[in-house]
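Chain naming here is simple, since letters A, B, ... match the order of the sequence lines and numbering starts at 1 in each.
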Amino acid sequence: MRIATYNINGVKARLPRLLEWLDETKPDIACLQEVKSQDDGFPVGEFERAGYGAIWHGQKSFNGVAILARNAKPVEAQRALPGDPEDEHARYLEADVFGLRVASIYLPNGNPQPGPKFDYKLKWMQRLRARAAELMAAEIPAVLAGDYNVIPTPKDIWSASAMLDDALRQPESIAAYRTLLAEGWTDALATHYPQGGVWTYWDFQAGAWQRDHGFRIDHLLLSPVVADRLIACGVDKDHRGREKASDHAPTWIELAA
DNA sequence: ATGTCGACCATCGGTCGA
């Protein structure tokens, strides 16, 4: 079973590319972020024609997450991260599908830092930790997939000295991410590629793609029983280089049946 | 230092977020 996460940066602008990717790679589950569409503008019919059931949490202009499943409809388990009723951002969706609990996560970017956006990011990460701990305590087989907006180590960016002032590399952001790992979650790509050098994002600016100035911020975190089933993982890098591509590449894991 | 892109409002450019 293949599970992918893909920050698509606008579902309407990327729809042809997205349908092409689904057809070429046939993930069983696809977690999407930065849908950038209101609920009623989500192209559910296009996905259904492609053989994918979908649930989504939309928002005008920004954010927005979705979960697609091949020849199945995910059963929604949680909409929005618990812990702050005043948080209106559409950044979290959780569903049961194919015997797994799957979350699609669009973690706040947090720039500029310091500032209120960075404070929001760190509070959001505390809430994610609490939710993840609930799933862990209940021993639910789970995959927390998405754009974490965290560069976990210096091996996860093209230059160890790049972006040091950025919210994605702050010690507080990295510590919050590492706390998840310390509590039993497995970073699938980090486990499979300990040497690093695997990117999932290349900025649109400054020729970052052409220079391979990327970094790794799209992560799949696996609960223990799911980690035991991990047989392969990777990044569909060539999709980043196509016409009208997102600035992220699809990132995936393969689980033993 | 800068380089791009999508959504939106409301046009044909500016603003925001990334």
Side-chain angles (χ1 to χ4, degrees), chain A residues 5-21 31-44 46 56-66 80-81 86-92 104-125 128 145-152 156-159 161-170 172-174 176-177 199-219 235-251:
Chain A
T5 181
Y6 193 2
N7 179 321
I8 52 169
N9 195 353
V11 70
K12 296 183 194 84
R14 312 294 179 207
L15 192 57
R17 282 281 101 101
L18 193 49
L19 294 170
E20 179 182 73
W21 169 72
C31 298
L32 307 180
Q33 301 86 34
E34 280 208 85
V35 167
K36 293 188 178 179
S37 167
Q38 293 181 86
D39 277 337
D40 57 13
F42 188 83
V44 59
E46 302 274 3
W56 61 96
H57 185 195
Q59 179 177 356
K60 190 159 79 175
S61 300
F62 311 115
N63 306 322
V65 287
L81 199 50
E86 293 184 2
D87 182 2
E88 303 278 336
H89 289 200
R91 296 183 176 275
Y92 188 87
S104 182
I105 293 169
Y106 180 45
L107 206 144
N109 175 292
N111 282 302
Q113 73 81 30
K117 290 189 175 181
F118 190 59
D119 297 341
Y120 172 62
K121 176 179 194 153
L122 296 180
K123 284 184 184 137
W124 207 93
M125 293 188 84
L128 178 60
D147 177 359
Y148 279 72
N149 270 315
V150 174
I151 299 167
D156 296 311
I157 183 164
W158 62 277
S159 159
S161 59
M163 308 243 313
L164 285 171
D165 292 331
D166 195 278
L168 279 60
R169 288 196 76 181
Q170 288 316 293
E172 297 96 323
S173 311
I174 291 165
Y177 185 76
W199 319 143
T200 68
Y201 170 90
W202 296 257
D203 201 300
F204 285 128
Q205 299 187 69
W209 168 251
Q210 290 76 10
R211 299 169 187 214
D212 200 28
H213 288 181
F215 37 91
R216 188 173 74 93
I217 51 175
D218 299 276
H219 307 306
V235 178
D236 294 328
K237 184 174 176 180
D238 70 295
H239 285 260
R240 173 62 180 83
R242 297 189 187 188
E243 199 73 27
K244 295 282 283 179
S246 170
D247 42 3
H248 295 249
T251 306

*Asks:* Give the rounded distance in Å between these two atoms: CG of A:D147 and P of B:dG17.
*Replies:* 17 Å
*Asks:* Which residue lies toward the 5' end of DNA chain B, A:D203 or A:N7, if each is placed at its nearest nucleotide?
*Replies:*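 Looking at the nearest nucleotide for each, A:D203 comes out on the 5' side.
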*Asks:* Which of the following nucleotides, B:dA18, B:dA7, B:dG6, is nearest to the side chain of A:N109?
*Replies:*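 That would be B:dA18.
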*Asks:* What's the gap between B:dA10 and B:dT15 when it is taken at their C1' atoms, as a whole Å value?
*Replies:*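 Between the two C1' atoms, the distance is 12 Å.
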*Asks:* Which of these nucleotides, B:dA18, B:dC5, B:dG6, is closest to any side-chain atom of A:A13?
*Replies:* B:dG6
*Asks:* For nucleotides B:dA18 and B:dG3, find the distance between their C1' atoms and express it as a whole number of Å.
*Replies:* 15 Å
*Asks:* Taking the minimum atom-to-atom distance to the side chain of A:E34, which one of B:dC5, B:dG17, B:dA18 wins?
*Replies:* B:dA18
*Asks:* Answer yes or no: does a side-chain N or O of A:K36 lie under 4.0 Å from OP1 or OP2 of B:dC5?
*Replies:*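 No, outside the criterion.
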*Asks:* The side chain of A:N9 is closest to which nucleotide in this list: B:dA7, B:dG6, B:dG3?
*Replies:* B:dG6
*Asks:* Is there side-chain contact between A:H57 and A:Y106, with heavy atoms separated by less than 4.5 Å?
*Replies:*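 They are not in side-chain contact.
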*Asks:* Does A:A206 reach a base, just sugar-phosphate, or nothing at all? Heavy atoms under 4.0 Å.
*Replies:* base
*Asks:* How far does the P atom of B:dC5 sit from the matching atom of B:dA1, given to the nearest Å?
*Replies:*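 Approximately 23 Å lies between the P atom of B:dC5 and that of B:dA1.
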*Asks:* Looking at A:F62, A:W124, A:Y120, which hits ring pair (Phe, Tyr, Trp, His ring centres under 6.0 Å) with A:H89?
*Replies:* A:Y120
*Asks:* Between C1' on B:dA7 and CD on A:Q59, what's the gap in Å once rounded to a whole number?
*Replies:*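 So the CD-C1' distance, A:Q59 to B:dA7, works out to 12 Å.
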*Asks:* For the residue pair A:H239 and A:Y6, is the inter-centroid distance of their aromatic rings smaller than 6.0 Å?
*Replies:*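 No, the ring of A:H239 stays outside the 6.0 Å limit from the ring of A:Y6, centre to centre.
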*Asks:* Find the distance A:H248:NE2 to B:dG6:P and express it as a whole number of Å.
*Replies:* 13 Å
*Asks:* Over all strands shown, is A:Y201 touching base, sugar-phosphate only, or nothing at heavy-atom distances under 4.0 angstrom?
*Replies:* nothing
*Asks:* So, is A:K244 close to the B:dC5 phosphate, meaning a side-chain N or O under 4.0 Å from OP1 or OP2?
*Replies:* no
*Asks:* Answer yes or no: is there a donor N or O on one side and an acceptor on the other, between the side chain of A:H248 and the main chain of A:I217, under 3.5 Å?
*Replies:* no
*Asks:* Would you call the rings of A:Y177 and A:Y148 parallel, tilted or perpendicular if under 30° counts as parallel and over 60° as perpendicular?
*Replies:* perpendicular
*Asks:* Between B:dC5 atom P and A:Q205 atom CD, what is the distance in whole Å?
*Replies:* 10 Å
*Asks:* Between P on B:dG17 and CG on A:L168, what's the gap in Å once rounded to a whole number?
*Replies:* 16 Å
*Asks:* Please report, rounded to the nearest Å, how far the C1' atom of B:dG17 is from the CG atom of A:D247.
*Replies:* 11 Å
*Asks:* Between A:R242 and A:D236, does any NZ, NE, NH1 or NH2 come within less than 4.0 Å of an OD or OE carboxylate oxygen?
*Replies:*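 The answer is no: the pair does not qualify as a salt bridge.
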*Asks:* In whole Å, what is the span from the OH atom of A:Y120 to the P atom of B:dG17?
*Replies:* 13 Å
*Asks:* Could you work out the separation of B:dG17 and B:dC12 based on their C1' atoms and round it to a whole Å?
*Replies:* 22 Å
*Asks:* Select base, sugar-phosphate, or nothing to describe what A:R91 touches, counting heavy atoms under 4.0 Å on all strands.
*Replies:*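 Sugar-phosphate, backbone atoms only, no base.
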*Asks:* Just compare B:dC8, B:dC5, B:dG17 and give me whichever is closest to any side-chain atom of A:F204.
*Replies:* B:dC5
*Asks:* Nearest whole angstrom, please: distance from the C1' of B:dA18 to the CZ of A:F215.
*Replies:* 10 Å
